[in-house]
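See below for the structure under consideration.
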Amino acid sequence: MSHEPFPTDGTAVVTCGLPYANGDLHVGHLRGYVGADVFDRALRKLGQRTAYVCGSDMHGTPIAVNAAEAGVSPESFALEYHEQYRETFPKFDVEFDNYGHTDDGTNTELTREIVRELEDAGYVYEKEIMVAFDPEEGQALPDRFVEGTCPYCGARARGDECDEGCGRHLEPGEIEDPESTVTGNPAEYRERTHKFFRVSELQEYLREFIDRLEGTENAKNQPREWIEGELRDWCITRDMDWGIDYPGEAGEGEDGLVLYVWVDAPIEYIASTKQYSERAGADEYDWEDVWKDDGGEIVHVIGRDIIQHHTVFWPAMLHAAGYTEPRAVAATGFITINGKGLSTSRNRAIWAREYLDEGFHPDLLRYYLATNGGLQQDVDFSWEKFQSRVNSELVGTLGNFAYRSLLFAQRNYGGTPDCEVSEAVAGRIDEAVAAFREAVNDYSVRGVGQAALELARYGNEYIQAEEPWNLVDEDPERAEQVIRDCVQLSVALAVLFEPVAPDTAERLWEQVGADGDVHEASLGAAHDAPAAEFGEPDELVTKIEDERVAELNEKLEQRIAESASDEESADDTDDTDTDADDDTDADTDDTTDMDPEPIADDRISFDEFQALDLRVGRIETAEPIEGADKLVRLEVDIGVETRQVVAGIRQLHDVDALPGKRVVIAANLEKSELFGVESNGMLLAAGEEADLLTTHGDAPVGTKIR
RNA sequence: AGCGGGAUGGGAUAGCCAGGAGAUUCCGCCGGGCUCAUAACCCGGAGAUCGGUGGUUCAAAUCCACUUCCCGCUACCA
């Protein structure tokens, strides 16, 4: 790997975060895949030898759980999405040189090999940890296979996270009353031997690595907390069937351990490169040049929610196993929809399939996603903004310039006028080329698109200032010159715009009758001579009418409303890496017709009930806890004393209206700490809406409830 | 709570690391002109105390401290 400006003599690979095979693709995903696709195409334009690879992420607990619920095997469940992704990406001209998946032979083999290399190098050790078990089935229950009661806030929670209550991460063994999500059986905790990767020993290496890493600011800085603080070793195995068996000397996976999905997922970057290399031939592209012997330029484009995995665990693995470290990690921001967080479970999303079904050209969305904001910035999508940028920039500026220039050229000269391009225009094209090159080296996908659009803007100014339509009579020679320049600008535009809008660029390239393939053309082709003769041009981009936008908005709003009303909250479609799931707006949540939870079968004794000390209280003060979405810090008067209690009700109640309310407090619950705030007791509330419990008479504050 | 990223006219964005003229550019808005074209371009205009407070300095969008809001991460969700 070098840190020379692109293009380098080395071989590059561009990757994007693997889509997790358990849900449909939406604009949030597309942003990353398009961004990386643009970057890779732009690298090719610079003359960099590169490949763009990716694959579906097939393993992990969520897929196993969702597959079990759907009554199919995890493999066929994940494969179905894998096929869908494989078909969808080309429709957006996201063209991978190879698209594999983490469960295929190449990745399975390579993953085991790398884990063995880690073992051989002494980076793996065994340790006993607590793991949930279903004693009836004799099955281990990792992560989301367990549900129970959050020990911190008492809410119903998944084994790994209190997802509906306080949002806190739970360590195995922490959750109370654990039960299996598969069978509903009560779960118990047992000691199990797991494998750990000694990330802590690579601290020195990672410190140096992070200082030379290129990419976005957040990717370079976020991992410093870990790398410059205390690095913990990483558990790389899970007790489950679905995944890559841990490599063992005798009979792999005999003890039922599979590798943690975050081990085999990034290795797919290598495996996919290898598959490409094997198909293309090592002369064309050799994966070992990239991944071995400190060889190539590795650029990872990811969502900013998975920075640590790509800047800590992943380079640690690569280094320990003797592979090349990444040159850059570029972390994209999220997509919001009409200013609000994209939410798949609430159907507040623009789906990939939906966009295509509406009949829009992929380049329009590509342009919007690639250039609406910096890569690192969050980008808002709305149909109005989409329309505005398409109409003014793609139609008005770029499309209009090409169309008026080529139409004029064709009508007056039957093609390209027979003269040389002026120095001024050739110089301006060079400027655009330089801006393009600089953008690539800044990992600025936006800049790549801007370079082209600014050149088109210049073209409009130029043709307008020169007025060739007047010159045709007044000064025919000058008119030829101007139109010759405009045709050349169109050629340059096709080249420069290809990464962002490959199909539009191809059509423009064909319209000027240029030779060869614009996708293969390098930046130098911006100066290539167009055909002496070409036909009448077509409009490159079509305007989006206002009625269309109104219609699309209506559809979107209706859909969100529908999904809010028939939300059963049970089947939260799980979100993958690029979602900014929004749980902050409690507006449309009029949940009705909910199936009540079944009454618990287990009876408790009167004594057990007596152990509960419930008290009437009155909220004295209430304030949101900073940094927590859901938590509110309350001071509650319970007669004998005033207690500080933390409750997960921020989105469900007007915090300012809480003081003065009479409530019921579980007073003898053990203390816990949430977001650094001690909670001494628990506020009782009913259901998803956290309907607060109170007394209907005027029992004094402090009264014990029996 | 800790850490990271962000906040710049109505929208988007540059400038910040290496402090200096009236704060960049694009879109939108208002008025006027022009017309080969999918109405682009030209001229003029309104609109930002650069999230806030305090400090350093001759000089702060830029450096320092504190603070507000949005987003992400916090290691066994991917």
Side-chain angles (χ1 to χ4, degrees), chain A residues 17-22 57 59-63 65 129 131 142-144 158-161 163 168-172 194 199 216-226 228-229 231-235 237-238 260-262 265 303-309 312-313 331 333-334 336 341 371-374 376-380 384-385 388-389 391-397 399-408 411-412 446 450 453-454 457 459-465 467-470 472 483 539-543 574-577 579-580 582 584 625-628 673-677:
Chain A
L18 309 185
Y20 194 58
N22 77 337
D57 187 359
H59 299 137
T61 315
I63 284 176
V65 170
I129 57 168
V131 172
D143 307 330
R144 294 188 186 183
R158 292 195 312 238
D160 57 326
E161 180 193 6
D163 56 334
R168 189 173 173 127
H169 260 276
L170 303 177
E171 295 292 311
H194 275 267
V199 181
T216 51
E217 294 302 309
N218 50 5
K220 290 188 283 187
N221 292 323
Q222 187 173 304
R224 288 181 191 275
E225 185 186 10
W226 291 11
E228 287 164 11
L231 265 179
R232 297 183 225 158
D233 292 337
W234 191 41
C235 182
T237 45
R238 291 291 181 277
Y260 179 37
V261 56
W262 270 112
R304 70 177 150 112
D305 51 345
I306 51 172
I307 288 174
Q308 257 84 347
H309 297 94
V312 181
F313 300 134
F334 292 110
T336 55
T371 65
N372 207 38
Q376 185 181 274
Q377 250 60 289
D378 287 353
V379 162
D380 186 50
E384 287 95 340
K385 287 181 188 167
S388 154
R389 301 209 58 219
N391 288 357
S392 94
E393 291 164 39
L394 294 181
V395 177
T397 302
N400 185 41
F401 170 70
Y403 185 67
R404 71 200 295 204
S405 298
L406 300 184
L407 189 65
F408 197 95
R411 282 184 184 165
N412 290 276
R446 180 169 202 263
Q450 277 180 323
L453 213 81
E454 276 165 22
R457 198 166 286 129
N460 271 321
E461 289 165 20
Y462 180 71
I463 194 171
Q464 197 69 40
E467 301 186 322
W469 45 93
N470 293 331
V472 176
I483 292 305
E539 294 175 0
L540 282 177
V541 188
T542 324
K543 269 182 92 167
D574 239 302
D575 298 311
T576 48
D577 50 3
D579 297 356
D582 135 48
T584 47
I625 291 176
E626 194 191 331
E673 194 177 292
L674 296 98
F675 277 69
V677 181

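Quick note on labels: first sequence line is chain A, next is B, and so on, each numbered from 1.
Under the 3.5 Å distance criterion, with hydrogens and angles disregarded, a donor-acceptor pair is assigned to the side chains of N221(A) and R224(A). A donor-acceptor contact closer than 3.5 angstrom links the side chains of R389(A) and T371(A).
Judged by distance alone, with hydrogens and angles left aside, Q464(A) brings a side-chain donor or acceptor within reach of the base of C36(B), the pair sitting under 3.5 Å. The base of C71(B) sits within donor-acceptor range of the side chain of R304(A), with an N or O pair under 3.5 Å. For A75(B), its base never sits under 3.5 Å from the side chain of W234(A) at any donor and acceptor pair.
Note: CG (L394(A)) to C1' (U38(B)) measures 12 Å, nearest angstrom. In this structure, N400(A) places its CG atom 17 Å from P of C26(B), rounding to the nearest Å. Atom CD1 in I306(A) sits about 12 Å away from atom P in A78(B), given to the nearest Å. Atom C1' of nucleotide A37(B) and atom CD1 of I483(A) are separated by 11 Å, given to the nearest angstrom. To the nearest angstrom, C1' of G72(B) lies 6 Å from CD of Q222(A).
N22(A) places no side-chain N or O within 3.5 Å of a backbone atom of I63(A) that could act as its donor or acceptor partner. With hydrogens and angles disregarded, no donor-acceptor distance shorter than 3.5 Å links the side chain of Y462(A) to the backbone of R457(A). For D233(A) (side chain) and V199(A) (main-chain N/O), a donor-acceptor pair under 3.5 Å exists by modelled atom type.
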* Structure fact -> For nucleotides 7-19 of chain B, 5' to 3', base contacts (B), sugar-phosphate-only contacts (S) and non-contacts (-) with protein non-hydrogen atoms under 4.0 Å give -----SS------
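At U38(B), none of the side-chain N or O atoms of N391(A) fall inside 4.0 Å of OP1 or OP2 (strictly under the cut-off). In terms of phosphate contacts, Y260(A) brings a side-chain nitrogen or oxygen within less than 4.0 Å of OP1 or OP2 of A78(B).
Residue contacts for L453(A): at a heavy-atom cut-off of 4.0 Å it reaches no nucleic acid atom on any strand shown. Counting non-hydrogen atoms under 4.0 angstrom, V261(A) reaches the backbone sugars and phosphates but no base. Among the protein residues, H194(A) comes within range of no part of the nucleic acid, since none of its heavy atoms lies under 4.0 Å from any strand. Heavy atoms of L231(A) sit under 4.0 angstrom from at least one base atom. Residue contacts for E539(A): at a heavy-atom cut-off of 4.0 Å it reaches a base atom on one of the strands shown. At a threshold of 4.0 angstrom between heavy atoms, the contacts of N460(A) are confined to the sugar-phosphate backbone, with no base atom among them.
The ring of W469(A) lies on top of the base of C36(B), close enough and flat enough: under 5.5 Å between centres, under 30° between planes. Under the stacking criterion of a centre-to-centre distance below 5.5 angstrom and an interplanar angle below 30°, W226(A) sits stacked against the six-membered ring of A75(B).
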* Asked: Which dot-bracket string fits RNA chain B when only Watson-Crick or G-U wobble pairs with both atom distances under 3.5 Å count, crossing pairs get [ ], and | stands for a partner on a different strand?
  -> ((((((((.[[[..)....(....]]].(((((.......))))).....[[[[[..)....]]]]])))))))....
